[in-house]
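Working notes, structure below.
Computed from a predicted model, the values in this text were never measured in an experiment. Within every chain, numbering begins at 1; the chains are lettered A, B, ... in the order of the sequence lines, protein sequences first and strands thereafter.
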Amino acid sequence: MRRFLLARLAQAGLVALVVGTLSFALMRALPGDAAMRIAAGRYGPDAMTGQAADKVRLELGLDRPWPAQFLDWLETLARLDLGHSLVTGAPVIEELKVQLGASLWLAAAALLISLAIGPVAGVLAGLRPTGWADRLGLAASVSLRAVPPFVLGLVLILVFAIWLGWLPPAGFGTARDLVLPALTLALGLAAVSSRVTRDAVAAVARAPHFAFARHKGLPEAVVVRRHGLRNAAIPVVSYLGLQAIYLVEGVVVVESLFAYPGIGHALVHAIVERDIPMVQGTALAMGLIFVAVTACVDAASAWLDPRLRSAR
Amino acid sequence: MSTGLDVLTASRPRAVTARGAGAALIAALAAFTILGPLVIEVDPAAQDLSASLAPVGGDYLLGADHYGRSLLARLAHGARLSFGMAFLTMLTAAVPGILLGLVAAWRGGLAERAFELLANIVLALPGLMLVLLLLAFAPGHFGPLYLGLALTLWVEFYRVTRATTTSLLKEPHVEAAKLLGFGPAYILRCHVLPVIAPLIATLAAFAMATAIIAISTLSAISVGLQPPTPELGSMIVELLPYYAEAPLHVLAPAVLIVLLVLGLQLVARGEGR
Amino acid sequence: MRIAWFLAAALAALSTAVAAKPLKVVGPWEIAGVDPAQSGYVFSRLQVAETLVTADTSGRLVPALAAAWSVSDDGLVWRFTLRPDAVFHDGTPVTAEAATASLERARAGVGVLTQVPIAGIAGDGRDVVIRLDKPFAALPAYLVNFSAIILAPSSYDDAGKVSRIVGSGPYKVKSLTPPLKLELEASRGWWGGEPGIAEVSYLAVGQGETRALMAESGEADLVFSMLPVSVERLRRNGKLDVQIATIPRTRILKVNAGSPFFDDAKVRQAVSQAIDRAGIAKVILRNPDLAATQLFPPALAGWHVPDLAPLGRDLEAAKRLLAEAGWKPGSDGILERDGRRFSVTLVTYANWPELPPIATALQAQLREVGIEVKVSVGNSSEIPSRHRDGTLEMGLVSRLYSIVPDPIGTLLQDYGPGGSDWGAMGWSNEELPALVGRLVGMSDPGARAPLQRRAVEILQEELPSIPVTWSELAIVASKRITGVKVDPLEVNYGLAAVRWAE
């Protein structure tokens with residue numbers, strides 16, 4: 001266990017360094033005048049961007065050579081400081097608290113809802129491949145997945161906020177505000193996770209040991225619980241781990257449709273506006289979350305399949 | 001309640017018809033995609049502002065968008081571009097993903113660690129950031145868009161392949177086959193592929209949808225392809241503001257994407273048994 | 001039974017909440033940072049912070065924090081007398097020193113005050129005294145701009161940066177969650193009296209469709225900036241009031257008059273005649289009256305010249321002019337001259353959601369006269385940055401003429417020698433800068449009129465930038481509230497005057 005944790009910590013450190021360096025290098029390599037973009041991000045398109053850019057360049061020392069700027073970042077990072085956003089002037093950590101925090105809530109809610117829908121629908125479909133549950137599941141999952149999330153979100157707003165009047169169409173801060181964006185994301189997630197589950201369950205259901213268990217007369221529920229779920233869960237957990245990352249990263253269009261402050265939105269702005277500390281900070285935070293999630297996924301897989309434990 | 005064996009025997013003819021339906025659907029889409037732009041002579045970029053949002057039927061078979069451009073022509077050209085690009089992206093992601101996954105599961109050790117590290121670094125970098133950064137080098141071009149999407153998608157294939165194969169290789173019957181001296185090719189063909197193929201096929205179908213949806217997401221934040229390129233995802237974005245007046249127009253490109261994914265799924269299901 | 005009781009309790013809780021509920025305002029603007037030059041407009045519009053001078057809905061300058069102002073006979077010394085009863089939200093009085101500090105800061109920053117020839121600002125009793133290097137009649141208009149809001153000394157941190165907004169308006173900041181949410185409460189010390197609604201909550205909603213849905217669902221009381229496509233639908237909704245104001249903003253095609261494509265005025269006129277403004281205004285903006293027949297919209301009194309020959313579409317004339325300029329159709333229909341194809345890139349940006357669609361329409365329309373246009377939708381900074389390095393060929397921009405209430409400020413910037421980021425490029429004209437230079441020092445409308453007319457005529461003939469459409473602002477108010485007024489200059493939304501309807 002300690003070795004496992006140490007290895008993960010080392011991995012986290014490595015990821016942090018690589019991600020920070022890569023994002024710095026990529027951002028630096030981008031064509032175009034960074035000062036202009038920062039100025040446009042700060043003062044908007046009605047301002048005298050050219051003059052503002054000159055002031056920004058002076059203020060931020062953007063003319064300094066890049067090694068100096070990178071060393072600056074490493075130095076502040078060593079003090080556990082992510083620096084200040086070049087656009088808003090606020091500490092990056094403060095911005096992350098609000099935006100990444102909001103994204104984590106949204107992702108958690110979406111993951112929970114999708115867990116309540118996807119695997120259940122998948123197991124139902126997988127146990128009776130080509131049955132009605134399977135067909136319905138296929139049609140639903142294909143339609144949900146092949147429609148862009150903002151269209152799905154719009155439909156949900158029309159139904160739940162306009163026709164039924166149950167939920168607010170947009171906003172944030174209360175649990176009611178969270179429902180629609182989370183549901184939008186969850187439906188998209190469940191669309192795939194139900195299919196992955198279905199295939200895994202169908203494969204397990206075809207496996208000799210499963211048929212044997214059925215034939216030896218165990219009740220269906222016991223068969224499913226003891227032999228089906230556990231084996232089927234491995235690819236599903238592995239898949240959901242990945243999805244969690246995509247979710248935290250933020251489905252930027254869902255955020256903007258629901259006026260929800262998420263990290264996707266922040267990241268897009270930061271990249272477009274060449275806000276390097278913000279991009280680095282976001283990438284770093286995301287990288288660390290990723291390491292944490294993978295650790296959880298691995299732990300879950302090992303718990304589900306004891307044979308994997310011996311390999312570690 | 002039927003037993004598992006009943007299901008197996010009973011499902012055979014149905015799977016074949018499902019597979020046939022899927023194949024027919026894909027063939028029809030392929031025909032529309034390949035022949036459509038040749039048969040439909042209307043320029044998908046030609047505007048007629050007086051025919052803005054012309055209804056389905058009438059002068060325009062499938063209606064016209066807000067600029068009065070023929071939706072039929074745009075759908076045909078858009079489907080060609082979207083499906084082609086989605087397929088390429090999926091292939092570019094799936095092939096290395098599956099290969100690396102198999103190697104990692106089979107060899108373990110150093111190879112597995114190296115691939116894991118690579119996958120982790122790619123995953124740890126926000127995918128959106130990768131695509132946006134690549135796009136920033138050549139705004140509005142296909143190359144970086146396609147590369148960026150493939151770069152984020154391959155990990156999915158890799159992980160599912162590796163996870164499933166690793167646990168498969170530890171199954172008693174596979175270990176037995178190994179001990180009996182069957183070579184990697186045999187075990188791959190007889191024990192691994194039949195199990196991972198349906199998983200991969202499902203992932204692949206959805207990966208194509210993901211690629212098209214990703215492009216629409218990018219055009220929703222105005223960093224996708226440049227006008228007047230017809231592309232299914234960006235068509236939905238362009239038409240979205242008109243959802244109240246012309247809901248059918250907004251849904252038409254989405255229907256094409258649904259049909260494609262449905263067709264692929266049906267075919268994938270057939271292969272599964 | 002228990003459920004029924006629970007529901008009743010919940011309903012009771014809801015109805016008490018109604019009594020103290022805030023006015024919910026939704027707009028598209030995000031609050032990126034608290035610096036006045038960055039998001040001062042939000043705090044000015046929502047009446048958190050005030051300027052010395054403000055403008056009424058017709059654009060007339062009226063007193064705000066300054067009760068009165070005067071200028072010396074030589075036009076060099078301006079005196080703004082502060083109203084005696086103004087206090088900041090932290091309880092301190094609005095002093096000439098605080099005002100001077102805010103203005104000095106604005107002058108050193110990137111706001112419009114940098115354009116005014118200010119020699120020095122000083123406090124003198126209750127007067128703020130601004131000394132100029134040369135007469136500048138438009139100074140009070142410049143002070144209306146949001147970058148010149150007056151903040152309390154407690155707004156600044158040790159480094160002199162604005163860390164929070166402590167203003168003097170009827171509302172004070174209760175909480176700010178950048179970039180999307182701002183909550184306000186009545187300040188109880190405003191010189192103008194108590195606001196009608198004690199609490200205001202502002203939510204930034206970038207997506208136009210969502211803003212319309214917020215209004216329709218009744219979730220928002222006041223929604224700013226509706227998409228043209230939603231307006232008709234919202235008008236039919238019995239619970240909502242839609243108000244529309246023409247705002248002094250014009251979408252123009254900025255062309256590089258120094259490039260071999262557009263150095264000939266004939267080509268610029270041909271481009272102008274190739275554009276179907278009426279079609280664009282009708283289809284994309286849903287209001288045919290927004291087709292720009294000249295640079296300034298009718299609402300800009302003095303600057304709109306009603307009897308000027310209107311810009312319009314004439315494809316034959318456009319083709320003739322292009323031929324006269326030496327451009328002949330090539331084999332694929334695209335014009336050519338000396339082996340060069342008439343193929344240009346049109347740069348635009350999506351900060352205004354209507355710009356990319358208009359660019360797409362222009363692309364197809366210019367193709368009809370043989371001009372190939374590649375549309376590139378990028379960041380708004382592409383325009384100034386490509387203006388600077390000279391690579392811009394064409395840009396579709398949305399230009400605001402009320403950054404200061406008098407468009408002279410923008411004209412001075414845009415069409416002066418060498419042009420500017422959002423104005424002319426590679427275009428030189430002796431007469432216009434001279435005219436504008438004289439106008440800056442004049443304040444008598446009668447004397448200004450002929451000069452204004454001549455300036456507009458020059459712009460209409462020479463077309464250094466080609467007007468495409470004018471703009472309007474649509475505001476949706478729930479019928480739950482009354483007293484909503486549309487401010488076409490977007491200086492101040494007058495929320496303090498809004499009341500709950502009985």
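For the options C/G378, C/G279, C/A361, heavy-atom pairs under 4.5 Å to chain B are most numerous at C/A361.
Environment of NZ in C/K374: crowded, with over 12 heavy atoms of neighbouring residues, nucleotides or ligands closer than 6.0 Å. Atom NZ of C/K239 has 12 or fewer neighbouring heavy atoms from other residues, nucleotides or ligands inside a 6.0 Å radius. Residue B/F87 places its CZ atom among 12 or fewer non-hydrogen atoms of other residues, nucleotides or ligands, all under 6.0 Å distant.
Put simply, the side chain of B/E245 reaches to within 4.5 Å of the side chain of C/V229, judged on heavy atoms. Side-chain contact check for C/T345 versus B/Q226: every heavy-atom pair is 4.5 Å or farther apart.
The nearest pair of heavy atoms linking B/L49 to C/D276 is CD1-OD2, 3.8 Å. What you find for C/V283 and B/Y242 is that their closest heavy atoms are O-OH, 4.3 Å. The two residues B/A45 and C/A364 make their nearest non-hydrogen contact at O-CB, 4.3 Å.
Although no hydrogens or angles enter the test, the distance criterion places no donor-acceptor pair under 3.5 Å between the side chain of B/Q47 and the main chain of C/Q363.
Contacts with chain B (heavy atom to heavy atom, under 4.5 Å) involve these residues of residues 206-223 of chain C, listed by number: C/E209, C/L213.
Of the two parts of C/P357, the backbone and the side chain both hold a non-hydrogen atom closer than 4.5 Å to a non-hydrogen atom of chain B.
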